[in-house]
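Every chain is numbered from 1, with letters handed out A, B, ... down the list of sequences.
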Number of protein chains: 2
Amino acid sequence: MTSSSTPPAFLMAAATAPDAEAGAGGSGTSVLTAERILEVAEEVLRRFGPDKTNVVDVARALGVSHGSVYRHFASKAALRGAVVERWLARVSAPLAEIAAAKGPAAGKGAGERLHLWVRMLHAIKRQKVLVEPEMFKAHKSFILESGVAVSEHVAHLEAQLATIVADGVTSGEFRPCDPAGVAGALFAATSSFHNPASAASWSDPEIETRLKTVLDLLVAGLKAGA
Amino acid sequence: MTSSSTPPAFLMAAATAPDAEAGAGGSGTSVLTAERILEVAEEVLRRFGPDKTNVVDVARALGVSHGSVYRHFASKAALRGAVVERWLARVSAPLAEIAAAKGPAAGKGAGERLHLWVRMLHAIKRQKVLVEPEMFKAHKSFILESGVAVSEHVAHLEAQLATIVADGVTSGEFRPCDPAGVAGALFAATSSFHNPASAASWSDPEIETRLKTVLDLLVAGLKAGA
DNA sequence: GAAATGACAGATATTGAAATCTGTCATTTG
DNA sequence: CAAATGACAGATTTCAATATCTGTCATTTC
């Protein structure tokens, strides 16, 4: 699959991929499933970009009429939304692993996991901007027209952060606090490092240093004050 | 302290306004100065919006030919840039006051000034979005096409933050650190509360609470860790 | 003669007619 | 009869002709 320039090593987990259907039957002859449509739609979207992809293109790539696509998705927007949702889920997966790693020896401190989690989120988003500009554009335009799936995605990510914070409080590493509220604050405070709207500044070579400074400050705050 | 939708009292300082030239001479008969052009251009921009304002409109409002405007500004973009710069300077002024307030009794702690400064910046930007949508649009489109004046503005604001941080370090309230680097981090960490790109989320009633949580975390970090 | 003007060429924006796309549904297919 | 098709109406996008705007400069004004 698409790996190019030089993705940070920890990104690799996220690069594993689709093919859930490859072995099914003959190939194009299998029944038309929503999942199969999503796979092909993502491929087409990636090739032509969000502005130039239409339902007929997707249907043609599937070898069916566009009417058949509407049997599975109520509208073009719904289809696009589902594709982006799938894509966001793949962003979320490797982060969930970090958030869940609370083993005694494995997870080290919550502060360290917090660092890792945020840096991972930053790296993933940055990677997307660089190597998947078309999907990224789709992601952005989708956000603009229907924030629903995206706010769910954000809620998901904040819940992961809340897990890490709660772990830190339990272990005594962090000062007692409301994990959900603090998770929201952490997400907001680091948003210029993961929000697509700020992508322009990610080419600054000092961005990593700046992120580290922000995280050090936040983690110190979690440990000491409130 | 829960004041919300109503504009915070400290905004009022920024609302005082133009008229620097009203008493000059007769009226439109005075010589055409760059400053006079900027005044009128801002007025016209506010009335028609950035997309519908052209140089001829501005010239007509001034009662001169558009050729005369080009005697003072090299291009339409330069004119627009100068208008935005003026506007940004007015955003910056009340913040500079807070940053400079280091009097013994007046300024209280640097932590408090930091809170005040960031909340003020948030309030100003939010206010602009609500009551000056046209200027705000001009601001945004200007950012997109020429980041120069804006990055200067940001540098300016970060320098103000650095002043506050340095004061805190001097007084022993904050742990020793590089004020410039930390100021950059603080600006980034709070950007979702002042960056126009995030304006959509500013209607959330919980935004103030979230900002407070972020600031408490950051200030605690400045006081204790690094 | 410094400042302002307005006609002008090239660049940009507007417009509306033509082409394409979305979403539906009566019909066909296996 | 469940699944797929493709013709269709209305919505949207494209494209090229047309109109407007920007930036210049030879000329006029005071």
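- The side chain of B:Lys52 lies closest to C:dT14, out of C:dA4, D:dT14, C:dT14.
- The side chain of A:Arg71 lies closest to D:dA3, out of D:dA3, D:dC21, C:dG23.
- At whole-Å resolution of the value, CG in A:Leu32 and P in D:dA4 are 6 Å apart.
- Considering only side-chain N and O atoms, B:Asn54 lies nowhere under 4.0 angstrom from the phosphate OP1 or OP2 of D:dT20.
- Rounded to whole angstrom, the span from the NZ atom of A:Lys76 across to the P atom of D:dA11 amounts to 17 Å.
- Put simply, CZ on A:Phe48 is 16 Å from P on C:dT20, counting in whole angstrom units.
- Evaluated for a side chain to side chain contact (heavy atoms under 4.5 Å, CB included) with B:Leu218, the options B:Leu114, B:Thr190, B:Thr213 yield exactly one hit, B:Thr190.
- Between A:Ser68 and D:dA4 there is no side-chain N or O to OP1 or OP2 distance below 4.0 Å.
- The nearest whole Å value for the distance from the CG atom in B:Asp51 to the P atom in D:dT22 is 12 Å.
- Within 6.0 Å of the NE2 atom in A:His156, the count of heavy atoms belonging to other residues, nucleotides or ligands does not exceed 12.
- The CG-P distance, from A:Asp57 to C:dG23, rounds to 14 Å in whole Å.
- Taking atom CZ on B:Phe73 and atom P on D:dT24, their separation rounds to 15 Å, with Å as the unit.
- The interatomic distance linking A:Arg60 (CZ) with D:dT5 (C1') rounds to 16 Å, in whole Å.
- Closest approach to the B:Tyr70 side chain among C:dT22, D:dG23, C:dA4 is made by D:dG23 (side chain taken as heavy atoms from C-beta onward).
- Classification of the A:His194-A:Phe187 ring pair by plane angle, with boundaries at 30° and 60°, yields tilted.
- Side-chain atoms of A:His66 and A:Asp57 include no donor-acceptor pair closer than 3.5 Å.
- Residue-to-nucleotide contacts include a donor-acceptor pair under 3.5 Å from the side chain of B:His66 to the base of D:dG23.
- Among the nucleotides D:dT5, C:dT22, C:dA4, the one closest to the side chain of A:Val55 is C:dT22.
- D:dG23 atom P lies 16 Å from atom NE2 of B:His72, rounded to whole Å.
- Defined by atom type and a distance below 3.5 Å, a donor-acceptor pair is present between the side-chain atoms of B:Gln160 and B:Trp117.
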